[in-house]
*Asks:* 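The structure that follows is given in the form of structure tokens.
The shown structure was predicted, so the numbers you read here are calculated from the model rather than taken from an experiment. Reminder, nothing fancy here: chain letters follow the sequence lines and each chain counts from 1.
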Number of protein chains: 2
Amino acid sequence: MSLRHAVLGLLADRTASGYDLMKLFDSSLANVWPATQSQVYGELGKLAGAGLLEVAAEGPRGRKEYAITESGLAELRSWLIDTRPDRTRRSETLLRVFFLGVLSRVEAITYLSLEADRAAAEHEELEGLEASVDWGDDQISVYGRLALAYGLRLTAMQQEWAEWARGQVAARLPAD
Amino acid sequence: MSLRHAVLGLLADRTASGYDLMKLFDSSLANVWPATQSQVYGELGKLAGAGLLEVAAEGPRGRKEYAITESGLAELRSWLIDTRPDRTRRSETLLRVFFLGVLSRVEAITYLSLEADRAAAEHEELEGLEASVDWGDDQISVYGRLALAYGLRLTAMQQEWAEWARGQVAARLPAD
DNA sequence: CTCTGACATGTCGAGAGTGGAAGGTCAAGG
DNA sequence: CCTTGACCTTCCACTCTCGACATGTCAGAG
């Protein structure tokens with residue numbers, strides 16, 4: 001049920017069309033809550049039907065500019081304050097770690113090395129993002145920066161862990 | 001498509017029934033790849049139909065003991081070696097951070113404090129798990145320990161981040 | 001002997017997410 | 001004038017996940 005709140009949250013900042021929203025999902029929210037076109041447009045329709053959004057203006061090419069309503073804002077606030085986030089995490093990377101035993105030691109070490117490289121690359125990418133984005137003082141910028149800092153810490157931790165884990169596996173006597 | 005490989009991976013270690021598998025999902029894999037009964041039994045059926053698993057024995061109460069086949073093992077190995085993990089991550093916690101601007105400063109700080117507490121609690125829980133599990137030398141134990149170490153590092157990082165973020169928000173002049 | 005609790009498998013429907021196809025408008029450049 | 005590319009929305013078919021429900025067996029306690 002988070003997609004609906006992601007849409008509400010983006011529209012709390014400024015009005016936008018489905019097309020605009022897609023760009024926001026692909027840039028700022030890409031690493032946090034990805035969404036496809038079909039999802040976004042579908043959700044806009046439902047939200048408007050439920051009165052949480054309204055069509056503020058219609059532009060050329062059938063463009064519909066959506067704006068959040070009072071009850072939409074209330075719903076967003078209540079989601080933020082009254083409900084606890086769902087934290088079911090699925091990590092395919094970690095799932096694979098459980099089964100590394102079916103591989104040879106060398107193959108397992110390779111897997112962990114690749115994971116360390118990937119984390120390092122992602123870390124650099126986020127650093128690039130941090131440098132390139134021009135951070136304003138609007139809500140999304142201020143708090144988006146906090147989210148980016150999380151990503152930086154996460155990828156750094158992942159790299160350290162993968163290197164440590166590789167060492168752990170390598171240290172076991174080659175008694176496979 | 002990871003559920004199928006999770007099942008194959010568990011059965012690579014030892015044979016098991018759907019019921020046994022559920023217990024493994026609820027204990028070892030709970031934090032990495034949760035699954036429900038209906039999913040597990042459904043997947044077992046499909047996997048057996050595809051020849052990646054076979055019913056090794058039938059026990060009382062209709063119990064079916066599944067074992068991985070040669071082609072199942074090949075599929076598992078190829079998944080581990082030839083394919084890169086899907087790393088689409090969704091974090092409702094982080095999504096909320098983006099929208100903290102619609103709340104008052106105090107409410108935002110409360111949110112981040114709760115998040116720090118939650119991470120700390122989860123960290124302790126994992127430490128308890130580490131102490132209570134009796135770690136053998138089997139594959140799942142050896143590599144499961146690496147996964148647990150990841151969880152420990154993750155929750156520690158989350159707590160630090162949340163406390164830092166709370167400080168960041170608090171430091172801004174109360175000009176809301 | 002009967003009750004209870006662990007063992008054990010299965011079906012169904014609703015909702016979320018994925019990927020792509022289809023259809024149409026407008027502005028600007030060649 | 002005509003093509004191209006950006007703009008913009010809608011629909012569909014599919015898989016995955018969740019939670020509840022249905023069905024039944026077996027061992028041990030009382």
*Asks:* Please name all residues satisfying side chain to side chain donor-acceptor pair (under 3.5 Å) with Y66(B), sequence neighbours left out, ordered by chain then number.
*Replies:* none
*Asks:* Can you name the residues that form a ring pair (Phe, Tyr, Trp, His ring centres under 6.0 Å) with Y150(B), not counting sequence neighbours?
*Replies:* W161(A)
*Asks:* Could you state the CG-C1' distance from L47(B) to dG10(C), rounded to the nearest angstrom?
*Replies:* 17 Å
*Asks:* What residues in residues 8-27 of chain B put a non-hydrogen atom under 4.0 Å from any atom of DNA chain D?
*Replies:* none
*Asks:* Does anything in residues 71-80 of chain A come within less than 4.0 Å of DNA chain D? Heavy atoms only, and list the residues if so.
*Replies:* none
*Asks:* Which residues pass the side chain to side chain donor-acceptor pair (under 3.5 Å) test with E122(A), sequence neighbours left out?
*Replies:* R118(A), R89(B)
*Asks:* State whether a side-chain donor-acceptor pair under 3.5 Å links E65(B) with S17(B).
*Replies:* no
*Asks:* If you apply the rule side chain to side chain donor-acceptor pair (under 3.5 Å), what do you find for T83(B) with R96(A), and how did you get there?
*Replies:* CA-CA 11 Å; T83(B) 70; R96(A) 288 169 187 240; 3.0 Å; yes
*Asks:* Is there a side-chain contact between L47(A) and L44(A), using heavy atoms and a 4.5 Å cut-off?
*Replies:* no
*Asks:* In whole angstrom, give the distance that lies between atom CG of D86(B) and atom P of dT17(D).
*Replies:* 11 Å
*Asks:* When the C1' atoms of dG23(C) and dA6(D) are considered, how many whole Å apart are they?
*Replies:* 16 Å
*Asks:* Polar atoms only, N or O, under 3.5 Å: list the protein pairs with nucleotides 22-27 of chain D and their distances.
*Replies:*
none

*Asks:* For A116(A), enumerate each residue passing the side-chain contact (heavy atoms from CB on, under 4.5 Å) test, keeping only those at least two apart in sequence or located in another chain.
*Replies:* Q159(A), A162(A), E163(A)
*Asks:* Looking at residues at least two apart in the chain, or sitting in another chain, which of them share a side chain to side chain donor-acceptor pair (under 3.5 Å) with S2(A)?
*Replies:* E92(B)
*Asks:* To the nearest Å, how far apart are Y41(B) OH and dC7(C) P?
*Replies:* 11 Å
*Asks:* After noting the C-alpha distance and the side-chain angles of H123(A) and Q158(A), does the key distance pass the side chain to side chain donor-acceptor pair (under 3.5 Å) rule?
*Replies:* CA-CA 10 Å; H123(A) 187 86; Q158(A) 286 174 332; over 6 Å; no
*Asks:* Under the rule for side chain to side chain donor-acceptor pair (under 3.5 Å), what residues qualify as partners of R77(A), not counting sequence neighbours?
*Replies:* E107(B)
*Asks:* Listed by chain and number, what are the side-chain contact (heavy atoms from CB on, under 4.5 Å) partners of S27(A), not counting sequence neighbours?
*Replies:* none
*Asks:* Measure the shortest side-chain to side-chain distance between F99(A) and L10(B) over non-hydrogen atoms and say whether it is less than 4.5 angstrom.
*Replies:* yes
*Asks:* Distances under 3.5 Å between protein N/O atoms and the N/O atoms of nucleotides 16-19 of chain C, please, pair by pair.
*Replies:*
from    : atom 1 : to     : atom 2 : distance (Å)
dG17(C) : OP2    : Q39(A) : NE2    : 3.0
dG17(C) : O5'    : Q39(A) : NE2    : 3.4
dT18(C) : OP2    : R90(B) : NH2    : 3.1
dG19(C) : O6     : S38(A) : OG     : 2.7

*Asks:* Only counting residues at least two apart or in another chain, list the ones meeting salt bridge (charged side-chain N to carboxylate O under 4.0 Å, His left out) with R87(B).
*Replies:* E115(A)
